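Below is one structure; the comments refer to it alone.
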Amino acid sequence: MISRRKSRKIWVGNVPVGGDAPITVQSMTNTLTHDIEATIAQVRALEVAGADIVRISCPDEESTLALKSIIPEITVPVVADIHFHYKRAIEAAQNGAACLRINPGNIGSAERVKEVIKAAKDHNCSIRIGVNAGSLERDLLEQYGEPCPDAMVESARRHIQILEDHDFFNFKISCKASDVFMAVAAYQQLADVCDYPLHVGITEAGGLRSGTIKSAIGMGNLLWGGIGDTIRVSLSADPVEEIKAGFDILKSLGLRHRGVNVVACPSCARQQFKVIDTVAELEQRVAHITTPMTVSIIGCVVNGPGEALMTDIGLTGGGQGNHQIYIGGEKAHRFNDGDKSIVDHIVAMIEEKARQIQSQKIAAE
Ligand code: SF4
């Protein structure tokens, strides 16, 4: 059981981050923000995938204005991604953003900082301080010689100080680097010096496969150590994949459960049905189910009965197409795939189980 670092709870719109709140999963749109239709469509796809929070870039006034039309059409809270320009931050707060991703040390004059923080307070916006090893302040680079965890934490502390000096505490912090060792060390140090919620991620992690692996190693290490209140897997891929990867990382650590967790064997000469094809089709067919449950799809009796003991629904391949189905770890019935589809059969069982779990939940409320 992972013991989570005790952090303060803040709010991103109606979504709590930190404290005892579940670890949230977020992503970022990659449409042109002023293409309102495309941005809404992408946010909705992220919502369907389970995104708790979505970040939207606001590089210009057209984008902050677009928020006004986008936000009423979506349900997840929006983090407006601002770099440097204080006016964009104020506009985003006025136009419905739930959080501003801006570094107060980069805003400019004290007057501008004050105005941005006032806008955040007036519109109940939280702030995310986003330290990145690739864009550290020049004086810190000169002092430390190169990007390093100490310099990143020093940068974060400066931004924290500015917000605290303005009596603003509704913020979270990220301290990202594309180097796994640097990012992990920076987050570990930051976790020791403050109790603000941490947004954890490995920046610019890479493509779908390599980026997911890199993120799972870096973020997995931190989350296992109890560090992290909200996560984003940064992939050069469809943002929906970021949400899926984020949930898979949390599921692997037992930190969050959403949807069907499929346990499957890699298959070999002993398989009694086509495990790989079955799993690929099954995962696709049950992607819409949000009810947490575990399903084992195992090619033969070597590991099938053992895995089925630990899952809600289990399938173990048997001879002559005669497979064993388990429910709640117990043998339930035999299923012959002679003229029927295994996937259809398992999907029907999963849907029934989801219905049962939901009605039990409603009855308990
Ligand atoms: S469970 Fe059976 S089919 Fe699957 S990999 Fe192991 S031995 Fe092969």
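All values reported here derive from a predicted model rather than from experimental measurement.
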Under the side-chain hydrogen bond (donor to acceptor under 3.5 Å, both in side chains) test, residues paired with Asp20 that sit two or more places apart: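 In terms of side-chain hydrogen bond (donor to acceptor under 3.5 Å, both in side chains), with neighbours along the sequence ignored, Asp20 is linked to Lys9.
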Any ion pair linking [Y] and [X] (charged N to carboxylate O, less than 4.0 Å)?
{"X": "Asp52", "Y": "Arg258", "answer": "no"}
{"X": "Arg157", "Y": "Glu154", "answer": "no"}
{"X": "Arg128", "Y": "Asp81", "answer": "no"}

If you compare all heavy atoms of [X] against all heavy atoms of [Y], which two are closest, and at what distance to 0.1 Å?
{"X": "Ala332", "Y": "Gln324", "result": "N-NE2, 3.7 Å"}
{"X": "Asn30", "Y": "Pro239", "result": "ND2-CD, 3.6 Å"}
{"X": "Val76", "Y": "Ala51", "result": "CG1-O, 3.2 Å"}
{"X": "Gly105", "Y": "His159", "result": "N-ND1, 3.0 Å"}
{"X": "Val240", "Y": "Ala49", "result": "CG1-CB, 4.0 Å"}
{"X": "Ala354", "Y": "Ile289", "result": "CB-CG2, 4.2 Å"}

Are more than 12 heavy atoms, taken from residues, nucleotides or ligands other than [X], located less than 6.0 Å from that residue's [atom1] atom?
{"X": "Arg334", "atom1": "CZ", "answer": "yes"}
{"X": "Lys87", "atom1": "NZ", "answer": "no"}
{"X": "Phe169", "atom1": "CZ", "answer": "yes"}

Pair up each side-chain donor or acceptor in residues 92-102 with any protein partner under 3.5 Å, not counting sequence neighbours, and list the distances.
residue: Asn95; atom: ND2; partner: Thr64; partner atom: O; Å: 2.8
residue: Asn95; atom: ND2; partner: Glu91; partner atom: O; Å: 3.4

Applying side-chain contact (heavy atoms from CB on, under 4.5 Å), can you list everything that pairs with [X], at least two apart in sequence or on another chain?
{"X": "Asp229", "result": "Arg4, Arg5, Ser7, Val17, Pro197, Leu198"}
{"X": "Asp35", "result": "Leu32, Glu37, Ala38"}
{"X": "Ile357", "result": "Thr291, Lys353"}

So does [Y] get a backbone contact from the side chain of [X], meaning a donor-acceptor N/O pair under 3.5 Å?
{"X": "Gln26", "Y": "Arg232", "value": "no"}
{"X": "Tyr86", "Y": "Asn106", "value": "no"}
{"X": "Lys244", "Y": "Ala287", "value": "no"}

Taking only residues two or more places apart in sequence, or in another chain, which ones meet Phe168 in a ring-ring contact (aromatic ring centres under 6.0 Å, His included)? none
Under the salt bridge (charged side-chain N to carboxylate O under 4.0 Å, His left out) test, residues paired with [X] that sit two or more places apart:
{"X": "Glu352", "answer": "Arg355"}
{"X": "Lys274", "answer": "none"}
{"X": "Asp150", "answer": "none"}

Output side-chain donor-acceptor pairs under 3.5 Å for residues 300-310, partner residues at least two apart or in another chain, one line each.
none

Identify every side-chain donor-acceptor pair in residues 68-75 under 3.5 Å, counting partners at least two apart or on other chains, and give the distances.
residue: Glu73; atom: OE1; partner: Arg44; partner atom: NH2; Å: 3.4
residue: Thr75; atom: OG1; partner: Glu47; partner atom: OE2; Å: 2.9

Polar contact flag, side-chain donor to acceptor under 3.5 angstrom, [X]-[Y]:
{"X": "Thr39", "Y": "Thr31", "value": "yes"}
{"X": "Thr24", "Y": "Thr230", "value": "yes"}
{"X": "Thr29", "Y": "Gln42", "value": "no"}

Parallel, tilted or perpendicular: which describes the rings of Phe335 and His345, with under 30° parallel and over 60° perpendicular? parallel
Distance (rounded to the nearest 0.5 Å) between Ile173 CD1 and Ile129 CD1: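 One gets 5.0 Å once the value is rounded to the nearest 0.5 Å.
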Only pairs at least two apart or in different chains count here, so list each salt bridge (charged side-chain N to carboxylate O under 4.0 Å, His left out) that has a residue in residues 164-186.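 Salt bridge (charged side-chain N to carboxylate O under 4.0 Å, His left out) check on residues 164-186 returns no pairs.
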